[in-house]
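A short worksheet on the structure shown next.
These figures come from a predicted structure and were not determined experimentally. Each chain gets a letter, A, B and so on, in the order its sequence line appears, and its residues count up from 1.
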Amino acid sequence: MTDAQVLARLQTIFDDTFLTPVTVTPELSAGDVGEWDSLTHISLMVAVERNFGVRFRVGEVEALRNVGQLARLIVTRLGEQ
Amino acid sequence: MPLNGSAADTAAGPLRAQLKTLLNTHDPAFWPRLRDASTSADDCADVLALSTLRRRALAQHPAPPDVFGRPLRIALIGGYSLFPLQELVTHLLAMDGHAPDLFTGRFDNDTAEILDANSELYRFRPDVVVMLPSHRRCAYTGALTDAIEDVRRQVDAVSGFLLDQCRRLHERSGAAIVLSNFALPSACDPGPFRTRTLASDWSFRKAVNLQLGLDAPAAVHICDTEFMACRRGTWASEDPRGWFESKQIGAPALLLDIAREVVRIVRALHTPPKKVLVLDLDNTLWGGVVGDDGVDGIDIGDTSPRGEAFKAFQTYVRSLTGRGVLLGVCSKNNPETAREPFERHPEMALRLDDFVAFTANWQPKSDNLRAMAARLQLGLDSFVFVDDNPAEIDIVRQYAPEVTTLLLGPDPSTYVRQLQDSRLFEPTSLTAEDSDRTRLYRTEAARQELQDSATDIEAFLSSLQMHVTIADVSTIDAPRVAQLINKSNQFNLTTRRRTEADVAALVGDAQMIAFSLRLADRFGDHGLIGVVIGRITDDEHGRALDIDTWLMSCRVLNRQVEHEALNELMRRAMARGCRVVRGRYLPTAKNGLVRDLLPRLGFTGAGESPDGHAYTCDVGTYRPHATHLHRTGTPQ
């Protein structure tokens with residue numbers, strides 16, 4: 001799976017999670033979205049792990065700075081399977 | 001943060017989408033749907049998402065008043081990060097009809113928060129404090145091979161310290177305390193040797209948990225995290241990543257278990273427990289239909305696996321009576337047919353005298369349950385009804401919605417577990433009286449049943465074998481007499497209240513006569529049930545006795561006790577040389593019951609006045625009423 005494919009699938013997860021539409025871009029981060037608080041963050045990360053069938057390692061999610069880095073991490077994990 | 005690694009998506013997705021639509025269109029159906037979804041959600045992330053929806057909805061509109069009711073100030077403290085547990089607790093409390101106000105302690109700051117009387121925790125004035133002590137404080141510090149006495153001392157020290165903290169917290173804040181115990185470790189190390197020493201984490205935590213439960217005072221409610229983690233699986237309940245990333249108690253699934261348990265404990269604090277378990281018969285207590293298959297054809301007992309399962313269910317149901325649960329039967333059957341297995345079948349674990357109510361007829365079960373509640377004088381909301389037939393359950397849900405229903409199905413081998421996991425009859429504490437409650441209620445129920453079945457009231461009264469004991473009011477009796485005087489409202493001719501000292505002053509007063517009545521019948525002793533007080537006055541017409549007070553307990557209505565009381569009053573009036581007995585009915589909002597008491601007993605009207613209705617009865621022509629009461633004790 002490519003970064004672009006992962007980003008497209010992330011869009012569907014974001015659509016499911018947020019009430020108001022959010023357009024997924026590699027530069028997008030939590031600070032850009034009003035709804036993206038710590039609670040929503042947990043729901044979002046659970047949904048991502050489920051949807052892609054991956055499990056992040058300790059500290060990895062905290063180190064992410066934007067959605068592009070999240071997509072990269074997903075691609076890396078998927079590649080290891 | 002806790003993340004759930006499961007690859008499967010939950011079924012809650014479409015439901016959440018539906019809720020989002022309801023929210024965005026301001027549909028009032030949002031709230032009941034949110035509540036249903038929150039009740040059934042079995043995934044932590046789903047509940048968090050539902051909580052987010054609730055917060056959004058509240059930000060848009062104030063919630064309808066029926067959604068959030070009782071205000072509740074609840075504090076969470078402990079040796080963990082309490083986010084997102086606090087969010088789960090808040091959301092589930094809100095969905096359970098509370099208006100929660102939440103305080104969250106700082107990570108691993110619980111000891112200081114409890115010890116400092118000026119801490120934010122106390123300033124918050126919590127109604128409930130949930131305490132989740134860190135498992136790191138529940139470990140033996142010595143070697144695996146240390147002497148067991150040394151380890152025991154540490155077990156006592158750990159549990160003693162925690163319970164002391166709880167006591168202090170309770171004394172200072174008045175709050176109910178919910179104390180979580182410790183989940184057991186899932187790692188294999190140190191192998192089966194863990195069971196051969198008290199020093200392993202496995203054994204040590206078990207010992208501390210046990211000690212906490214055994215020693216906890218009444219104000220401390222144990223949140224049995226050990227049990228919940230075991231039931232879910234210790235391995236699935238742990239979350240090392242969640243611990244290192246954000247000091248989580250365990251896996252998200254365990255957080256949800258804890259949150260739901262906290263809500264259940266809070267609910268139990270102000271909800272009376274269920275008292276009555278009413279059971280269907282056919283395919284609930286035995287296999288088959290006794291009306292069709294006959295008493296010899298039903299499946300019950302140790303001769304077949306299915307019969308054995310039904311018998312196990314009966315045995316468990318019977319064991320509940322030891323916790324103070326009352327049992328009833330509500331069956332669509334002819335009464336004789338329904339009783340036959342209990343009377344004749346040797347394999348039945350339940351017998352007729354295990355039940356306080358037995359209804360077998362063809363009326364709707366909702367009506368039968370209402371009648372049963374009235375007869376036992378218990379609220380319908382303390383009833384649980386169990387049936388294998390969805391149609392019967394549905395009728396009760398519709399027409400007696402106060403009753404909690406449990407639909408059994410479909411495999412009798414799981415009946416015991418279904419009833420146990422309904423969690424409807426969990427004791428919070430047990431007293432010796434609980435195990436005796438069936439007997440107490442059965443006597444009252446038997447009495448009522450006898451009354452229902454007796455067509456001839458005289459035959460009924462005679463069959464009760466009633467004994468009345470009439471005695472002068474004495475100083476020893478004064479507290480009980482005063483209590484009855486001050487609580488009787490309905491059968492009370494004058495509603496004059498008296499203190500214990502007033503009652504004691506009657507004793508030895510030559511102008512006053514005062515006697516009490518006690519009643520016993522073949523079903524039991526009713527104790528003190530009536531008081532009569534009269535005053536003797538002399539005037540130009542001669543001597544008279546004025547009834548000052550005449551009251552009786554409503555439990556003994558229609559037993560001819562009032563007739564016997566009057567017989568005694570007239571006898572005493574005559575002995576004291578009175579020409580006439582004068583009575584007065586002083587109406588109140590509650591004593592309409594005795595408006596016609598005096599005329600009914602043969603008094604004649606002597607006029608009305610603003611303060612009541614006056615009556616007289618001639619002593620010389622009085623003929624004592626015949627009753628079915630046997631007099632015991634010595635008449636004065």
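Contact annotation for Thr17(A): only backbone heavy atoms (N, CA, C, O) come within less than 4.5 Å of a heavy atom of chain B.
With a 6.0 Å radius and a threshold of 12 heavy atoms from other residues, nucleotides or ligands, Arg33(B) has its CZ atom at or below the threshold.
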Worked verdict on Arg55(B) versus Asp37(A) for salt bridge (charged side-chain N to carboxylate O under 4.0 Å, His left out): CA-CA 12 Å; Arg55(B) 287 185 180 283; Asp37(A) 56 14; over 6 Å; no
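Within residues 67-81 of chain A, no residue has a heavy atom under 4.5 Å from a heavy atom of chain B.
Taking 4.0 Å as the cut-off between side-chain N and carboxylate O, Glu35(A) and Lys20(B) do not count as a salt-bridged pair.
Put simply, CG on Leu19(B) and CG on Leu19(A) are 10.5 Å apart, with the number rounded to the nearest 0.5 Å. The distance from the OG atom of Ser43(A) to the CZ atom of Arg16(B) is 7.0 Å, given to the nearest 0.5 Å.
Annotation for Arg241(B) and Val58(A): closest pair CG-CA, 3.8 Å, computed over non-hydrogen atoms.
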